[in-house]
Amino acid sequence: MKRSYLTTPIYYVNAEPHLGHAYTTVVADTVARWKRLQGYEVFFLTGTDEHGDKIVRAAEARGLTPREYVDRIAEKFRQTWPLLHIQYTRFIRTTEPDHKRVVQHVLQLLYEKGDISFGEYEGLYCFGCERFLTRKELRDGLCPDHRTPPTPLRESNYFFDLSRYQNWLIDHLQKHPDFIQPPGYREEVLGLLREGLEPLCISRPKSRLSWGIEFPFDPNYVTYVWFDALLNYLSGIGYPDDPSWEKWWQVAEHIIAKDILKPHAIYWPIMLRALGLPVYRRLHVHGYWNLNQAKMSKSLGNVVRPGDLVSRYGADRVRYFLLREMAFGQDAEFSEEALVLRTNAELANDFGNLVFRTLSMVGKYCQGRVPVPGEETPEDRTLKERLLSAVENFAREMDHFRFHLGLSLLNEAVREANRYVDHQAPWELNKKGKQDRLGRVLYTLLEALRVLAVVLWPIIPRSSELLLGNLGLSPAEELSLERALTWGRLKPGQEVQRGKALFPRLERPSFEVPDREKDSAEEKVEEKTYPLEEFKKWDLRVAEIVAAERVPGTDRLLRLTVRCPEERTVVAGIAEHYRPEELVGKQVVLVANLKPARIRGVLSQGMILAARDEKGLKLLVPEETVTPGAEVG
RNA sequence: GGCGGCGUAGCUCAGCGGUAGAGCGGGGAUCUCAUAAGUCCUAGGUCGGGGGUUCGAGUCCCUCCGCCGCCA
C-alpha cells in the first residue's frame, strides 16, 4: 500500500484563523486528496499550538484562564476547516495529555543522552513585556512597547546543543537536494548553517511562565516554544506507543509558510537525529499572501477571515483561487477583486460554461441520456489526446506542488474543448439530423467532463462531486486517477442531469469609494428604484444567536453574540419585544457589512432585520434551520 | 552591516545567450448550444538606470537606484 503522511504546522492560538492558515491547510488537503486519487493511504495532521507566554497574555487581556482561552480559539480553528471542505485525519492540540507525555519522554531521552545542558543566560529583560529583548528590538536603548530601559538579567535555562549536528545536517542537505522545496529555501538554510548554530534555549523557569509542559527531570522549568510544538508531528501519529507511527513517519512531508523555515529546517531535523530517528522526507515551504487593501471590500477589514470568504464566495472558489493564484514558494497578492476576476474567467466562463452547455445540449438533443457515439474522427481523437496529455502534465505539476501550473494546463484543455464545441457545432448536426456524428461529439465532451471532474476533485471537491453526480456517476466509484484516464467509462443510455450552473458568474465588484455627491445628484432625478447591483452591495446572512443579554441602563437594547459563521457582537433595539433567553438558538437575518458602530459603549458589528407593524415587532427568521453564515439574497 | 531575491505590456506573471511572451482587463469581429458566457483577431512594452563581456544580452559580469526577505 502506498502511503502519505502530510502535516500543516500546528497553528499558534494567539490569533484567530486567517488567510495564511487557510492557504497552508488547503494545500495540505489538496495534496491529501490528490494522493488519495492515486490510491495512497493518507494521514493528514493539523492542529493547534497552545503553550507559551503570548497565550497567557492574550488570555489575561480577555479575562480568561489560559485553558478557557485556548479551548475557545482551538475550537475556532476546528470549526473553520470544514467550511473549506478540509478533511484532516487528526486534529492535535499541544495541551493534550498524550502530547505532553511525548514531549516529556523526549526531553528525558535527550537529557540522558547528554544533548541537553543547563546553563546561564544573560540578556536584556523587559518586565513590562515579561521577556528578553534582542538588541535589534530596542529603540534608543528602550523597550519599543513600554518606553522603559530593559534590565540586564541572568537566568538559568536548559539548552539544546545544535552545533554537534551542524555538519551532519549540511551533509544531509547536500545528499538530498529536494529535502527542502522549492530550492531557494534550501539555499537559505545552507546559508544559515554555514554561519554556525548557537545552542537553542528550550526552557523557561516556572516562576516566569507556568503555561507549558514541565521538564520531567526539573519541576522548576517548562519547555518553551519549538521543542514542544515540533514534536506534534510525532505525537500526532501515536509515537512512541502505537507501533503504526513508524509506517507514517517514513513518508512524512511537512507543509509550512516561510516564516517558520528555521525551526523546521534546522531544529527539527537535528532533534530527530539526536533522538536516533530518521528525519522527515520533505519540507514544502510557501510564501506570504500580501493583502491588497485597495481591492478589498471594506467589511473584510484587515484580517481576511476564511469563514467570511467562504460565505461570500463558496469554498471551492476560494480553494481554486488560492491554489491558482500563488506560485507555491513565492509571495502572491490577495484581493477579492482578483478572486472574482480569476474565478469568473476560469471557473464560470470557461469550465462551468463548458459543463453547462454540454449537459444542456445532451438534454435537448439526446433526451438527457448519454448518446450512442458514432465513429471517431481525427478531431475527436485530437481532443481526447490533448486532454489526456494535459492531465498527465497536470499530474506531474501536482506531484511537485506546482498547483498554479497544473491548473493552467487544465485550463488550456478546457479552452480546447470549448473550441471543439464551436467547430463541431452540435446544433448544426442536430438540425441536419446527423445523429451518429452528434452522438460522438457529445459523448466525447461528456467523457472530457468526466475526466476533468475527477482530476479537479482535489482542488474543488464539492463541485467535482456534483458534476460526477450530474453525469450519472458515483463519486465513490470514479474518484481514481487511473479510472479517470480510462476513456469511455460513460455508458450510452445512462441518464444525465443538466443541474444548476456549477459556478455562477459573479458581478464584477466595485471597490472604488462611491462619490457621494454624484450619487445623491443622480438619485434626485432617478425614481426611487435601484438596479440589482445596489441590493447586492449588502451582505445579508443568516446568523445564529449564541448569547443575549440586556445592555445595562437601557430599555430597548440587547447585546447579542451571533455566529455567521464567525462570532460577532450586535446591538439590537428589540428588548421591548424579546427576552434575552428566548433568543438564544434562534436564527435571524444579519446585515453583515454595515459600518460598525459603538452603541452605549458596545461595538455593534451589524444589524438584525425585523418587521414592524401596529402589533409590534417580529424578527425575520429562516423557515427552517440553515447553516450559520448562509447568504440571504 | 552581511547574505539572498526581485524590478519584463494597464494588472498578475513566464522567459534566463540568438528576431520580446501568456492570462486577465481594454478594443474589434463572429457563432447561438451556453452562466451578457464561447470562438477568432488585436496590446507595439528604452525587458529599473548606466557600463562591460560577446558576432549577438531581459537572458552572463560590474555598478547605481528602488522594493523585499533572512541574518547580525
Side-chain angles (χ1 to χ4, degrees), chain A residues 134-138 180 182-198 257-266 285-290 292 294-295 317 321 324-335 337-366 368 371 397 402 404-405 407-412 414-432 438 441-442 445-446 449 463 498-509 511 531-533:
Chain A
T134 63
R135 296 200 176 277
K136 189 185 175 185
E137 286 175 291
L138 299 182
I180 298 172
Y185 293 104
R186 172 177 172 269
E187 300 307 317
E188 196 168 317
V189 171
L190 281 169
L192 289 172
L193 285 170
R194 274 190 284 267
E195 285 174 24
L197 297 174
E198 298 291 317
K258 64 183 183 181
D259 57 330
I260 49 176
L261 176 63
K262 192 173 176 180
H264 283 81
I266 296 179
V285 188
H286 72 251
Y288 292 150
W289 284 98
N290 298 312
N292 189 330
K295 296 178 180 178
R317 265 194 140 94
F321 178 76
R324 176 72 178 93
E325 192 76 5
M326 176 177 266
F328 189 91
Q330 292 177 252
D331 291 357
E333 290 224 351
F334 181 91
S335 73
E337 187 178 27
L339 191 158
V340 169
L341 290 176
R342 176 129 249 160
T343 58
N344 266 353
E346 294 177 2
L347 289 180
N349 296 353
D350 291 349
F351 178 60
N353 190 231
L354 173 68
V355 171
F356 201 66
R357 69 197 301 208
T358 301
L359 292 176
S360 182
M361 287 188 282
V362 172
K364 281 190 182 174
Y365 307 149
C366 311
E397 301 300 350
R402 293 188 291 248
H404 71 301
L405 293 180
L407 287 171
S408 83
L409 290 166
L410 293 189
N411 283 329
E412 278 173 37
V414 168
R415 284 161 191 262
E416 189 67 32
N418 272 322
R419 267 193 290 275
Y420 173 83
V421 175
D422 281 18
H423 290 161
Q424 302 308 317
W427 48 93
E428 288 290 328
L429 298 172
N430 180 59
K431 254 187 228 163
K432 293 178 184 160
L438 177 64
V441 168
L442 291 179
L445 286 166
L446 287 171
L449 297 187
S463 308
R498 184 174 75 165
K500 283 191 277 185
L502 234 35
F503 298 99
R505 188 164 214 278
L506 301 174
E507 291 306 311
R508 189 178 173 178
F511 294 102
L532 184 60
E533 282 71 22

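Every chain is numbered from 1 and lettered A, B, ... according to where its sequence line falls, protein lines coming before strand lines.
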Check your understanding: Could you spell out the base pairing of RNA chain B in dot-bracket, with Watson-Crick or G-U pairs whose two distances are under 3.5 Å, [ ] crossing and | to another strand?
Key -> ((((((((.[[[[.)..(..]]]].(((((.......))))).....[[[[[..)....]]]]]))))))).
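In this view, A:Asn349 and A:Arg505 satisfy the side chain to side chain contact (heavy atoms under 4.5 Å, CB included) rule, not counting sequence neighbours. In terms of the side chain to side chain donor-acceptor pair (under 3.5 Å) criterion, A:Arg415 has no residue partners (sequence neighbours excluded). For A:Arg342, the salt bridge (charged side-chain N to carboxylate O under 4.0 Å, His left out) partners two or more places apart in sequence, or in a different chain, are A:Glu325, A:Glu346. Qualifying side chain to side chain contact (heavy atoms under 4.5 Å, CB included) partners for A:Leu409, counting only residues two or more places apart in sequence or in other chains: A:Asn393, A:Glu397. Residues satisfying the salt bridge (charged side-chain N to carboxylate O under 4.0 Å, His left out) criterion with A:Asp259, sequence neighbours excluded, are absent altogether. Residues that satisfy the salt bridge (charged side-chain N to carboxylate O under 4.0 Å, His left out) test with A:Glu188, not counting sequence neighbours, are absent from this structure. With sequence neighbours excluded, the residues forming a side chain to side chain contact (heavy atoms under 4.5 Å, CB included) with A:Leu197 are A:Leu162, A:Gln166, A:Leu193, A:Ile266, A:Ile270, listed by chain and number. Contacts of A:Glu412 classified as side chain to side chain contact (heavy atoms under 4.5 Å, CB included), with partners at least two apart in sequence or in another chain: none. Among residues two or more places apart in sequence or in another chain, the salt bridge (charged side-chain N to carboxylate O under 4.0 Å, His left out) test is passed with A:Glu187 by none.
Separating the CZ atom of A:Arg505 from the P atom of B:rC24 is a distance of 12 Å, rounded to the nearest angstrom. The CG-P distance, from A:Leu429 to B:rU32, rounds to 13 Å in whole Å. A:Leu506 has its CG atom 16 Å from the P atom of B:rU35, to the nearest Å.
Here A:Leu506 contributes atom CG and A:Arg317 contributes atom CZ; the two are 3.5 Å apart, rounded to the nearest 0.5 Å.
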Protein-nucleotides 67-70 of chain B N/O pairs closer than 3.5 Å?
none

Check nucleotides 38-41 of chain B against the protein and report each pair of N or O atoms closer than 3.5 Å, with its distance, or say if there are none.
from   : atom 1 : to       : atom 2 : distance (Å)
B:rG38 : OP1    : A:Asp350 : OD1    : 3.3
B:rG38 : O2'    : A:Arg357 : NH1    : 3.1
B:rG38 : N2     : A:Asp422 : OD2    : 3.1
B:rG38 : N3     : A:Asp422 : OD2    : 3.0
B:rU39 : O4'    : A:Asp422 : OD2    : 2.7
B:rC40 : OP1    : A:Arg419 : NH1    : 3.0

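Looking at the side chain of A:Ala348, the nearest of the listed nucleotides B:rU12, B:rU35, B:rC31 is B:rU35. The side chain of A:Leu341 sits closest to B:rC24 out of B:rU32, B:rC24, B:rU35.
Residue-level contact check: A:Pro426 touches neither bases nor backbone, having no heavy atom under 4.0 Å from any strand. The residue A:Phe503 sits close to a base: some heavy atom pair falls under 4.0 Å. If you check every strand for non-hydrogen atoms under 4.0 Å, A:Gly191 touches nothing.
At least one donor-acceptor pair under 3.5 Å links the side chain of A:Tyr185 to the backbone N or O of A:Gly329. A donor-acceptor pair under 3.5 Å links the side-chain atoms of A:Asp331 to the main chain of A:Tyr288, judged by distance alone.
On the C1' atoms, B:rA9 is 7 Å away from B:rA43, given to the nearest whole Å. Look at the P atom in both B:rG23 and B:rA14: the space between them is 16 Å, to the nearest Å. The P atoms of B:rU8 and B:rG45 are separated by 15 Å, rounded to the nearest whole Å. Nucleotides B:rG50 and B:rC41 have their P atoms positioned 36 Å apart, rounded to a whole Å. Taking atom C1' in both B:rG17 and B:rC13, the straight-line distance is 22 Å, to the nearest Å. B:rC6 sits 11 Å from B:rG48 when the C1' atoms are compared, rounded to a whole Å. If you take atom P in B:rC68 and the same atom in B:rU54, they sit 37 Å apart, rounded to whole Å. Nucleotides B:rA72 and B:rC65 place their P atoms 26 Å apart, quoted to the nearest Å.
Glycosidic torsion of B:rG58 falls within 90° of 0, placing the base in syn.
Between A:Phe351 and A:Gln330, the residue anchored closer to the 5' end of RNA chain B is A:Gln330, taking for each the nucleotide with the nearest heavy atom.
Distances shorter than 4.0 Å separate some side-chain N or O of A:Lys364 from OP1 or OP2 on B:rA34.
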